[in-house]
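Read the structure below first, then the notes.
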Amino acid sequence: MALQLYNSLTRRKEEFRPLEEGRVGIYVCGPTVYGHAHLGHAKSYVSFDVLVRYLRYLGYRVTYVQNITDVGHLTDDADEGEDKIAKAAAKERVHPMALAELYTRSFFEDMDRLCCVRPDISPRASGHVIEQIELVRTLVEKGYAYEVNGSVYFDVARFKAYGKLSGRNIEEMVAGARIEPSPEKRNPVDFALWKRAEPNHIMQWPSPWGMGYPGWHLECSVMAMKYLGRTIDIHGGGLENQFPHHECEIAQSEAANDAPFVRFWLHNNMVTVDGQKMGKSLNNFITLKQASAGKHERLTKAYEPLAIRQLILQSHYRSPLDFSDAALHAADSGYQRIAEAVTGLRRQLKVASEGPTDQDVAGQLDALKAKFEEAMNDDLNTSVALSVLFDLVRLTNTLAGSATRETLGAVDDLFTRLGGDVLGIVKSEYAEAAGGNDEAVGKLVGILIEQRAAARKNKDFAAADAARKRLDEAGIVLEDTPQGTQWRWK
RNA sequence: GGCGGCGUAGCCAAGUGGCCUAAGGCGACGGUUUGCAAAACCGUUAUUCCCCGGUUCGAAUCCGGGCGCCGCCUCCA
C-alpha cells in the first residue's frame, strides 16, 4: 500500500502523490517568535518532522519550508490588535528584531534537542515584505482587495470558495461574529492584508498605500509560493490555524494565482496539560526548556527532550494529546527501554565474532519492517510504528550471546533506519554509561566497581552491597551483567 | 449560539463492520535468572470498548437519543 494521508480539504485519507515525480514540497506554519517554544510547538513540529523524515525514507527529494513569523502577527482581532512581537519587545525594552532573534535561536535550539531535522529553508516574514506588497498589489488590481485609509483588506465576498477548508460559510460567520465589525471593512469577515502604521510603530515599511506592515496571513502565501511554487504538495499546521489563517491563505493565493494553492492540507491536533487547554493564565503553560530542566510545578522531574518526543509519537498526530507528569514519566521509561536495548546491542556488536546472518532473525526483521511501513503508510500511524520498535527491542534482548556480528548488525541497521532515520527516537550514538560521559566520574566509579568485585569474589556480600547502596545514594546505579558490572545515573 | 472532534484496562494509547474472546508502552502481580539486586526474559492484568435503543448473519467500529469532556468561531502549534 502506498502512503495515505488525511487531507483536511477533502476530509478523507487519500493516496499521496507529489505534483512532480520523486519530489515533494512541503510548507509548515512556523512559530511566532515572541516567547520560548512550548509543548504545543513540540507536538506540531515533531509530527511534521516525522512526515518529512518518512517521505525521505520513501526516497522522495523533499524541500521542507517552515517560516519564522517576526512581524505582523497581531495579539487580537486582525484589525485592532497590537503586533505580538512589538508588544513583547516594548515590554522587555529591546528592539523587535532583537527579540525575534533571541526567540528564533531558542526555537532552533529546542527543535534540535527534540531531534527535529532543520527545515531546508526557514524564511522570515520580515525578509519578504517586498513580495508581500507585490501580492497585495496583485489582489487590489484583480479586484479582490480594497484600500481604506492606508490599510488594505481582502474582500471575502469576492472569493466564492472561502470556507472550503474549514467548512464554514460566510453568512453564518457574519451572523455569529462575536467581534465588533471594523468600520473600515465592507464586511465583518474581511481580513487585513496590509495595515497602516502609526508613526511610533517601529516595524514599518513604505508601500503604495503609505507606511505600514503586512497582515499575518500574507506571509505564508508569499513564502510558500516563492520557494515551492504556485501549487504546493503539502501544507501543514496546527488545527487551530485551520480557520482563519489557512482559509485566508487559500483565498489570497488562489485569487492571485488562479491556481490551486495546496494539494494536501494536514493539521495536527492540540495539546492539553492535565486535561485542560494549555494557557498562560491557567498556570499549566509548559515550555520545552522548563520540561527539560524539570522546572515547573506540574512536573516532578527533568525530562529528556526525547522522552517528550516519545510521548508525542505514542499517539496519533490528529488526536489530541494530554501532557501530564505521569504520561511523561511512562513515555520516559519506554524511551529508556529502547535506548538501553540499542546500547546493549552495540556493545555486543563490538565483540561479536563473524559469521553468517541468522536467517530466522532476518525473516523477523523483514516482517517488522513491513509492519512498520504499513503503519506509517496509513496516515503516519506512529503509535503502531513505535510498537514495532518495541518488538525489535524484545527481539534484541532475546538474541543469544552467540549471535554473529552480521546478525547483530542487521538488527542495528533496522533500529537505525526505522527508529533513527524515520522516528528520530534512536540516536546514532549514546554517551557511554548513559549521561556519564564525565571521564573523572567514570574512573572513580570504575575504582569502586573493582573494589566491590574483589569483595564479591571473597563472598563478602555485605561489603559489596554496602558499596552498591552508597553509590545508589549518590545517584549511581550498578548492574551486574554477564559482560561485567555496568553503571548509569539513576 | 454556530461548526467540529473525542469518550477503549489503574494510567497513556492503537484499532473505526468479521483477522478484535481488542496492538504497544507505563504500572502492578507471579515465575525464570541473580549471592542478593538491577536489567532482561516468560506469564497474568478489558468476554469488553461512556449509557440506552436501532441497523446487520455479525458492531468498539454504522445510525438515533442521552451523559461527559475538548477544540475552533478573537491570538495561539
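Order of the sequence lines sets the chain letters (A, B, ...), proteins ahead of strands, with each chain counted from 1.
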- [ ] Indicate whether OP1 or OP2 belonging to B/rC41 is found under 4.0 Å from a side-chain N or O atom of A/N397.
- [x] yes
Task: B/rG30 - base-pair partner by Watson-Crick or wobble geometry, distances under 3.5 Å - done: B/rC42
Open item on the list: Which residue is it: A/V62, A/V52, A/L51? I am looking for the one with a side-chain contact (heavy atoms from CB on, under 4.5 Å) to A/I234.
Closed with: A/L51
- [ ] Remember a base hit wins even if backbone is also touched, and classify A/R452 as base, sugar-phosphate or nothing at under 4.0 Å, heavy atoms.
- [x] base
TODO: Measure the distance from NZ on A/K469 to P on B/rG35 and round it to the nearest whole Å.
DONE: 22 Å
Task: Same-atom distance (C1') from B/rC52 to B/rA59, integer angstrom - done: 15 Å
TODO: Measure from the side-chain heavy atoms of A/F243 and tell me the nearest of B/rG25, B/rC73, B/rG35.
DONE: B/rC73
Task: Spacing between A/Q314 atom CD and B/rC12 atom P, to the nearest angstrom - done: 12 Å
Task: Partner nucleotide, any strand, of B/rU61 [Watson-Crick/G-U, under 3.5 Å] - done: none
TODO: Could you tell me whether A/D332 contacts a base, only the sugar-phosphate backbone, or nothing, with contacts defined as non-hydrogen atoms closer than 4.0 Å?
DONE: nothing
Task: Residue A/N381, side-chain atoms from C-beta onward, closest of B/rG25, B/rG15, B/rA23 - done: B/rG15
Task: Residue A/R468, side-chain atoms from C-beta onward, closest of B/rA37, B/rA38, B/rA77 - done: B/rA37
TODO: Find the distance A/N67:CG to B/rA77:C1' and express it as a whole number of Å.
DONE: 11 Å
Open item on the list: Ignoring hydrogens and geometry beyond distance, is the side chain of A/D391 in donor-acceptor contact with the base of B/rG24 at under 3.5 Å?
Closed with: no
TODO: Among B/rG24, B/rA40, B/rG35, find the nucleotide with the atom closest to the side chain of A/R456.
DONE: B/rG35
TODO: Determine the contact category for A/G238: base if any of its heavy atoms lies under 4.0 Å from a base atom, sugar-phosphate if only primed atoms, P, OP1 or OP2 are that close, otherwise nothing.
DONE: sugar-phosphate
Task: Pairing partner of B/rU55 (Watson-Crick or G-U wobble, both distances under 3.5 Å) - done: none
- [ ] For A/S315, report the nucleic acid contact type (base, sugar-phosphate, nothing); a contact means any heavy atom under 4.0 Å.
- [x] sugar-phosphate
- [ ] Could you check whether A/S319 gets within reach of a base, just the sugar-phosphate, or nothing at all, counting any heavy atom under 4.0 Å?
- [x] sugar-phosphate
Task: Nearest-angstrom distance from the residue atom CZ of A/R318 to C1' of B/rG71 - done: 15 Å
TODO: May I ask you to say what A/L39 touches in the nucleic acid, namely base, sugar-phosphate or nothing, with a heavy-atom cut-off under 4.0 Å?
DONE: nothing
Task: Between B/rG17 and B/rC6 - P atom distance, rounded Å - done: 14 Å
Open item on the list: Suppose we call two aromatic rings close when their centres sit under 6.0 Å apart. Are A/F48 and A/H267 close by that rule?
Closed with: no
Open item on the list: Please tell me whether A/N67 and A/T69 have a donor and an acceptor in their side chains that are separated by less than 3.5 angstrom.
Closed with: yes
TODO: For nucleotides B/rU32 and B/rA37, find the distance between their C1' atoms and express it as a whole number of Å.
DONE: 15 Å
- [ ] Mind checking A/H329 for me? I need base, sugar-phosphate or nothing, with any heavy atom below 4.0 Å counting as a touch.
- [x] nothing
Open item on the list: With no hydrogens and no angle check, just 3.5 Å: does a side-chain donor-acceptor pair link A/N377 and A/Y54?
Closed with: yes
Task: Side-chain donor-acceptor contact under 3.5 Å, A/D480 with A/T485 - done: yes
Task: Rounded interatomic separation in angstrom, taking CG from A/N241 and P from B/rC75 - done: 10 Å
TODO: Scan A/S324 against the nucleic acid and name what it touches under 4.0 Å (heavy atoms): base, sugar-phosphate only, or nothing.
DONE: nothing
Open item on the list: Distance criterion of 3.5 Å, no angle test: do you see the side chain of A/T398 paired donor-to-acceptor with the base of B/rA40?
Closed with: no
Task: First encountered from the 5' end of RNA chain B, between A/F390 and A/F48 - done: A/F390
Task: Test item: side-chain donor near acceptor, A/H316 and A/Y6, under 3.5 Å - done: no
TODO: For B/rA13 versus B/rC50, give the span between their P atoms, rounded off to a whole number of Å.
DONE: 14 Å
- [ ] Name the closest nucleotide to the A/S333 side chain, picking from B/rC26, B/rG71, B/rC36.
- [x] B/rC26
TODO: Would you mind telling me which residue lines up with the more 5' stretch of RNA chain B, A/F461 or A/A326, judged by nearest nucleotide?
DONE: A/A326
Task: Nearest-angstrom distance, C1' atom, B/rG68 to B/rA14 - done: 23 Å
Task: d(CG, A/L9; P, B/rG4) in whole Å - done: 16 Å
Open item on the list: Of the options B/rA39, B/rA77, B/rG35, whose atoms approach the side-chain atoms of A/A464 most closely?
Closed with: B/rG35
- [ ] Mind checking A/V28 for me? I need base, sugar-phosphate or nothing, with any heavy atom below 4.0 Å counting as a touch.
- [x] nothing
Open item on the list: In whole Å, I'd like the distance from the CG atom of A/L311 to the C1' atom of B/rA13.
Closed with: 10 Å
Open item on the list: I'd like the P distance from B/rU47 over to B/rU8, given in whole Å.
Closed with: 15 Å
- [ ] Between B/rG15 and B/rA46, how far apart are the C1' atoms? Round to whole Å, please.
- [x] 14 Å
Task: Base B/rC26 paired with A/R337 side chain (donor-acceptor, <3.5 Å) - done: no
Task: Aromatic ring pairing A/H217/A/F191, orientation class (parallel under 30°, perpendicular over 60°, tilted between) - done: perpendicular
Task: Opposite nucleotide pairing with B/rA22, Watson-Crick or G-U, both atom distances under 3.5 Å - done: none
Open item on the list: Regarding B/rA40, can its base be found pairing with the side chain of A/R394 as donor and acceptor, where the two atoms are less than 3.5 Å apart?
Closed with: no
Open item on the list: Under a 3.5 Å cutoff, is there a donor and acceptor pairing between the side chains of A/D325 and A/T300?
Closed with: yes
Task: Polar pair under 3.5 Å, donor/acceptor by atom type, side chain A/D325, base B/rC11 - done: no
- [ ] Please check if atom NZ in A/K301 has more than 12 non-hydrogen atoms from other residues, nucleotides or ligands closer than 6.0 Å.
- [x] yes
Open item on the list: As a test of reading the structure: which of B/rA14, B/rA77, B/rA23 is closest to the side chain of A/E240, going by heavy atoms?
Closed with: B/rA77
- [ ] Can you tell me the distance, in whole Å, between the CG atom of A/L328 and the C1' atom of B/rC11?
- [x] 13 Å
- [ ] Could you let me know what B/rG4 is paired to, Watson-Crick or G-U wobble, both distances under 3.5 Å, or none if it's on its own?
- [x] B/rC70
